[in-house]
Amino acid sequence: MKLAELGEFGLIERIRQAGDPSAAVIGIGDDCAALAIPAGELLLTSTDLLIEEIHFRSAWTDYYDLGCKAVAVNVSDVAAMGGTPQAIYLGLGASPEVPVEQLEKLLAGVRDEARRYGAELLGGDTCRSPETLMLGVTVQGHVPAAQLVRRSGAQAGDQIWVSGELGDSALALRYLQRGEEPPSAIACRHHRPHARVRLGRILAERGLAKAMIDVSDGVIADLGHVLRASDLGGVVEVEKLPQSKEFCRHVQQQPQALELALRGGEDYELLFCCAGEHEAELLALAVELDLRLTPIGQIKSAPGLEIVGLEAAGVTLAAQGFDHFSTSR
Ligand code: ADP
Ligand code: MG
């Protein structure tokens, strides 16, 4: 069945029926959702757009995975401030020609992924789009006011840490752009990123992270945001960048690919700055969470970001990070 046959209100009714009515004071079906957040906590809100042909290609994308990814990348922003995600809102622009089954898969992905983080789809908007599929996902979460972690809290001498492994998603995208199927280990890092909510919460709750950001545009760009917000500089050591086995193997054959660990995109790992005295605690946390946590450099008082070891690794860094409106792409 095409969306044109089911119609806007038919689709909304299906979305409502699949929801959990106990997740909010008011969920889907009124003019607004209404939710209660724990007393004394701050409400966090973040929005991301995903547009067909810009952020994803339908030919490369399973709609269930797309629904999951749309939520995960959004929830990642809540994780980066130390928060707990609570509500997801989905703005959906779709062609009347889209098969309802595809949208159902997408919606199932949105719903399942939200629930994986303890959140629920509580509203949205649905409208016609001429051709391309457009998704606008908003997440709301909460964090105890005293635990909020911003980009601006870094201090000179802090260690710069990153979770997980870098570059896999961008490497998978390279394969796809060449018309090749990426190895499955890195393909899933591109199609199904995982937001580091638990890590973000623990870093905030235990007072370990002074500044934090999620790595969506590559370490150089995102650490750059932290440095500017904190009015400081930093140094990153290329040889310390955490890489997966698959990524390492690729870099051995093509050293320049290491660039993807610095300026690739869509890693959705957390980058955070901590006092050096917490190193042992962080390494123990890595074991506790079964997640790599790696110190990759240090915050300095002199401005600028220095990348050490590029030449030895055989990497040259050309242009800047990704800019949606730059013409030199
Ligand atoms: P309004 O005209 O007040 O915007 P709508 O008819 O658009 O109301 O929406 C009715 C209800 O359905 C609202 O609770 C809205 O949040 C929800 N809703 C609409 N589209 C979506 C969607 N794509 N995903 C989740 N909820 C939706
Ligand atoms: Mg509406």
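Atoms within a ligand are numbered from 1 in the order they appear, just like the ligands themselves. What you are looking at is a predicted structure, and each value in this text was computed from that prediction instead of being measured. What's counted below: heavy atoms across the whole structure, side chains too, no hydrogens, waters or symmetry copies.
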Interatomic spacing from CZ in Arg201 to CD in Gln147 - rounded to 0.5 Å: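 Answer for the CZ-CD pair, Arg201 versus Gln147, is 4.5 Å.
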Could you list the atoms of ligand 1 found under 4.0 angstrom from a heavy atom of [X]?
X      : answer
Gly123 : 16 (O), 24 (N), 25 (C), 26 (N), 27 (C)
Phe9   : 6 (O)
Asp30  : 13 (C), 14 (O)
Asp31  : 3 (O)

Considering all heavy atoms, the nearest [X]-[Y] contact:
X      : Y      : answer
Gly164 : Arg196 : CA-NH2, 4.4 Å
Gly276 : Gln159 : CA-OE1, 4.1 Å
Leu258 : Ala313 : CD2-CB, 3.8 Å

At a non-hydrogen distance cut-off of under 4.0 Å, which region of [X] contacts ligand 1 (side chain, backbone, both, or neither)?
X      : answer
Thr126 : both
Leu107 : neither
Ile28  : both

Are any of the N/O atoms in [X] less than 3.5 Å from those in ligand 1?
X      : answer
Gly29  : yes
Leu90  : yes
Gly124 : yes

Evaluation steps, side-chain hydrogen bond (donor to acceptor under 3.5 Å, both in side chains), between Tyr89 and Gln140: CA-CA 8 Å; Tyr89 304 89; Gln140 289 187 315; 2.9 Å; yes
Aromatic ring proximity Tyr64/His191, centre distance under 6.0 Å: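 Distance test on ring centres: not under 6.0 Å, no.
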Whether Trp161 and Phe272 hold their rings parallel, tilted or perpendicular, with breakpoints at 30° and 60°: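 The rings of Trp161 and Phe272 lie parallel, inter-plane angle below 30°.
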